[in-house]
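To keep things clear, I will list the structure first and then write my remarks on it.
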Amino acid sequence: LMIKAVLFDVGNTLIDNDKATEIYMKNPVEWKILRKKYPKITLEKFLDAARHVQKEKREFTKEEHPRWYQNRVIERLGIPHDESLALEMRKTFERLDDTLIKSQVLMPHTFEILDYLHKKGYKMAIVTDATTSWVRKWLKKINRKHYFQSIVISSEIGSTKSSLIPFKQALKELKVEPNECMMIGDGRSDMMARKLGIHTCLLNRGKNHSEWEDKPELIIHDLNEIPKIIENFTQV
């Protein structure tokens, strides 16, 4: 049995979301826009609303509203629907997005591992529920988009990873069988790829995964462990 393709999640797998959030917390640009109109909204209230919205489970639709997040934060703060305010918040956030991407908030060894897998001839795909604009900008910035034969973003196809449809699409585009693939990610939805017969590897960032229905086959703590696990797996 040989692994021919590697599927990657993005958030907290290739991109360090925690570091990006830390930078964002130091410059909460959306709150600054918001409080111009609603000065009584404290930073604490805003961040509390933002954290709750970030944790909300949602199913994407192909017509997903680009300001879904901003509208939900506004709603959670008890502010009447205000599309122009949401738009201003979104535009300001996108400018910060660019700053974060330019600062290359990457997980350790991201470039090293992508370069290694590409050089060795492995097929690669991105399968993510992350924001379309973020993923596309990031791929452009790192100048390695050509490494990925498949880029599946949930909001673009109208289905999250929990539906398994993004994994199926990646398999189809890579033209490989499930048992020839390994999915690497940090979350429960990434490990659900195992339902299709895809091998799974958890990049463990301290989450309690003991109660997950779909247990990871392999666990790593750093991306630089990938060559070893793939090579060892090939020899099984």
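- Aromatic ring orientation, H118 versus Y147: parallel (interplanar angle below 30°, classes split at 30° and 60°).
- Between N143 and F111 there is no side-chain heavy-atom pair separated by less than 4.5 Å.
- Contacts of K145 classified as side-chain contact (heavy atoms from CB on, under 4.5 Å), with partners at least two apart in sequence or in another chain: R136, L139, I151.
- Contacts of H109 classified as side-chain contact (heavy atoms from CB on, under 4.5 Å), with partners at least two apart in sequence or in another chain: E112, I113, D222, L223, N224.
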Return all side-chain donor-acceptor pairs below 3.5 angstrom for residues 164-178, not counting sequence neighbours, or 'none' if the list is empty.
unit_1: Q169; atom_1: NE2; unit_2: E173; atom_2: OE2; d: 3.0
unit_1: E173; atom_1: OE1; unit_2: S150; atom_2: OG; d: 2.6

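- At least one side-chain heavy atom of K161 sits less than 4.5 Å from a side-chain heavy atom of D9.
- A donor-acceptor pair under 3.5 Å is formed between the side chain of W31 and the backbone N or O of I41.
- Counting only residues at least two apart or in different chains, salt bridge (Lys or Arg N to Asp or Glu O under 4.0 Å) contacts with residues 69-80 comprise E56-R72, R72-E75.
- Residues in residues 38-47 take part in no side chain to side chain donor-acceptor pair (under 3.5 Å) pair, two or more places apart or across chains.
- Here the straight-line distance linking atom CD of E217 with atom OG1 of T200 works out to 5.0 Å at 0.5 Å rounding.
- The distance from atom CE of M191 to atom NZ of K215, rounded to the nearest 0.5 Å, is 12.5 Å.
- Take D48 and apply the side-chain contact (heavy atoms from CB on, under 4.5 Å) test, not counting sequence neighbours, and it matches H52.
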